[in-house]
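Just dropping this structure here.
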Amino acid sequence: MEMIDGILKFGRFDNESPFPGVLLTIAQGCYVYSRITLQRKTMLSYYPVSFMLMHHSIESFIKFFLMREGKKFGPIHKLRELLLLGGEEKRLSFFKNEILSSLELMDLLDQFSNNYADNKYGKTSFAIKQLSLIRVYDKLIYIFIKNFKELYPHVSMKFYVSETLLEDFLKDLDYDLSIVVLPEDFS
């Protein structure tokens, strides 16, 4: 990422696929902000936004692993299909063994996939308890984090959270994450 003449540039500026690092950053950022939105009960009208961010976080994590391991994928947004692309690969066997084999996780992923387009246009309805949703979502994200650490032990994964949003982000979080707290006046 760089700032040149007031223009923020990051990622590639050619016709190639994005590189894995950008997908990882997107996955992490979407996780942080979707979790915060879910925790702020006063923001119930923003739940569709949170669902979009959740789907995008999960999709970006999956695509990060696929790309990092050299697996090709097209413009797929169905989470089950993406997981199946890597599930037979030895290094990505956690897709199959820890995610695809879990009814609880797959129920959530299928709900997101089945409502992907509808949610973008305001037609989606979900019926799930808030704490159950957060618990299952956190469980899934932690599977990604745990396997990231095992597959790429020399690379750290940190979640950047603003000081003003930290309390909401940490609420009911049962997993140990590497968090960098950004001061309120961070620029």
Side-chain angles (χ1 to χ4, degrees), residues 10-12 15-39 46-89 91-126 128 132-152 155 157-161 169 173 175 177:
F10 63 93
R12 289 187 176 182
N15 292 326
E16 294 181 33
S17 298
F19 54 97
V22 171
L23 287 172
L24 183 60
T25 300
I26 291 168
Q28 291 169 285
C30 288
Y31 173 64
V32 168
Y33 286 102
S34 61
R35 195 170 201 295
I36 289 166
T37 305
L38 284 172
Q39 293 292 14
Y46 289 117
Y47 269 30
V49 173
S50 189
F51 296 151
M52 285 296 298
L53 289 171
M54 291 170 78
H55 182 281
H56 201 60
S57 176
I58 295 163
E59 181 179 336
S60 295
F61 268 116
I62 296 167
K63 287 181 174 179
F64 163 81
F65 283 107
L66 290 171
M67 186 175 286
R68 185 76 190 245
E69 297 303 317
K71 296 293 290 180
K72 302 276 186 204
F73 54 87
I76 301 170
H77 301 290
K78 296 277 187 186
L79 301 172
R80 181 183 295 268
E81 288 179 37
L82 287 167
L83 289 166
L84 288 169
L85 285 175
E88 298 304 319
E89 296 290 321
R91 286 176 54 89
L92 298 178
S93 62
F94 74 93
F95 280 13
K96 181 179 179 181
N97 299 334
E98 297 181 57
I99 301 171
L100 287 164
S101 65
S102 168
L103 295 176
E104 178 182 53
L105 294 177
M106 289 313 301
D107 180 55
L108 179 66
L109 296 182
D110 287 341
Q111 282 190 62
F112 283 137
S113 291
N114 294 338
N115 292 300
Y116 176 75
D118 287 345
N119 191 39
K120 288 174 77 170
Y121 304 107
K123 298 177 186 175
T124 298
S125 57
F126 285 87
I128 188 168
S132 296
L133 174 61
I134 291 170
R135 183 184 56 74
V136 175
Y137 182 46
D138 285 344
K139 179 180 177 179
L140 176 63
I141 298 302
Y142 188 72
I143 289 170
F144 292 135
I145 294 167
K146 176 183 66 130
N147 284 281
F148 176 91
K149 290 177 182 178
E150 290 174 12
L151 290 169
Y152 320 112
V155 182
M157 182 187 294
K158 296 179 179 161
F159 291 84
Y160 294 86
V161 183
F169 179 73
L173 182 63
Y175 298 97
L177 305 179

Output the distance between atom OG (Ser50) and atom CG (Leu38), rounded to the nearest 0.5 Å.
->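 It comes to 3.5 Å.
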
Quick one: does His55's side chain have a donor or acceptor within less than 3.5 Å of a partner on His77's backbone?
->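 Side chain of His55 to backbone of His77, a donor-acceptor pair under 3.5 Å: yes, one is there.
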
Heavy atoms, side chains only, cut-off 4.5 Å: are Ser34 and Tyr137 in contact?
-> yes

Kindly indicate whether the side chain of Phe169, heavy atoms from C-beta on, has any atom under 4.5 Å from the side chain of Leu177.
->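 In short, these two side chains touch, coming nearer than 4.5 Å.
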
Looking only at atom types and distance, does a side-chain atom of Lys63 sit under 3.5 Å from a main-chain N or O of Ile76, one as donor and one as acceptor?
-> yes

Carboxylate-amine/guanidinium contact Arg35 Asp138, below 4.0 Å |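 Asp138 and Arg35: salt-bridged.
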
Is it true that Phe64 and Phe144 have ring centroids separated by less than 6.0 Å?
-> no

Does Phe73 have any ring pair (Phe, Tyr, Trp, His ring centres under 6.0 Å) partners at least two apart in sequence or in another chain, and if so, which?
->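 Phe73 satisfies ring pair (Phe, Tyr, Trp, His ring centres under 6.0 Å) with no other residue.
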
Given Phe148 and Val155, is the side chain to side chain contact (heavy atoms under 4.5 Å, CB included) satisfied, shown in steps?
-> CA-CA 9 Å; Phe148 176 91; Val155 182; 3.7 Å; yes

Would you call Gln28 and Leu24 a side-chain contact if the rule is heavy atoms closer than 4.5 Å?
->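 Yes; the side chains approach each other to less than 4.5 Å.
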
From Leu109 CG over to Ile58 CD1, what is the distance, rounded to the nearest 0.5 angstrom?
-> 5.0 Å

Is there a side chain to side chain contact (heavy atoms under 4.5 Å, CB included) between Lys96 and Leu84 once you walk through the steps?
-> CA-CA 7 Å; Lys96 181 179 179 181; Leu84 288 169; over 6 Å; no

Carefully, step by step, assess Phe112 and Leu79 under the rule side chain to side chain contact (heavy atoms under 4.5 Å, CB included).
-> CA-CA 8 Å; Phe112 283 137; Leu79 301 172; 4.1 Å; yes

What residues form a side chain to side chain contact (heavy atoms under 4.5 Å, CB included) with Leu151, not counting sequence neighbours?
->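 Per chain and number, Leu151 pairs via side chain to side chain contact (heavy atoms under 4.5 Å, CB included) with Phe65, Arg91, Leu92, Phe94.
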
Could you tell me whether Glu104 and Arg135 have a side-chain N and a carboxylate O separated by less than 4.0 Å?
->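 Counted as a salt bridge, because a side-chain N and a carboxylate O are separated by less than 4.0 Å.
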
Just by distance, do the side chain of Ser57 and the backbone of Cys30 share a donor-acceptor pair under 3.5 Å?
-> no

Flag side-chain contact, heavy atom, 4.5 Å: Leu23 against Phe61 = no

Heavy-atom side-chain proximity of Asn147 to Glu98 below 4.5 angstrom |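 Of all side-chain heavy-atom pairs linking Glu98 with Asn147, at least one is under 4.5 Å.
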
How long is the gap from CG on Leu83 to CG on Leu100, to the nearest 0.5 Å?
-> 4.5 Å

Side chains of Phe159 and Ile145: does their closest heavy-atom pair fall under 4.5 Å?
-> yes

Those residues that, when tested against Lys71, pass side-chain hydrogen bond (donor to acceptor under 3.5 Å, both in side chains) (two or more places apart) =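 Scan of Lys71 (side-chain hydrogen bond (donor to acceptor under 3.5 Å, both in side chains), adjacent residues dropped) gives Glu89.
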
Check for a donor-acceptor pair, side chain of Asp107 on one end and backbone N or O of Leu103 on the other, with a separation under 3.5 Å.
-> no

Would Lys78 and Asp110 count as a side chain to side chain contact (heavy atoms under 4.5 Å, CB included) if you check the C-alpha gap in whole Å, the side-chain angles of each, and the deciding distance to 0.1 Å?
-> CA-CA 8 Å; Lys78 296 277 187 186; Asp110 287 341; over 6 Å; no

Can you tell if the side chain of Leu85 reaches within under 4.5 Å of the side chain of Lys72, non-hydrogen atoms only?
-> no

N/O donor-acceptor pair under 3.5 Å between Ser102 side chain and Ile99 backbone = no

Donor-acceptor pair, Thr25 side chain versus Gly21 backbone, under 3.5 Å?
-> yes

Below 4.5 Å, heavy atoms only, C-beta onward: do Arg68 and Tyr152 meet side chain to side chain?
->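 In contact.
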
How many angstroms lie between CE in Met52 and CD in Glu59, if you round to the nearest 0.5 Å?
-> 9.0 Å

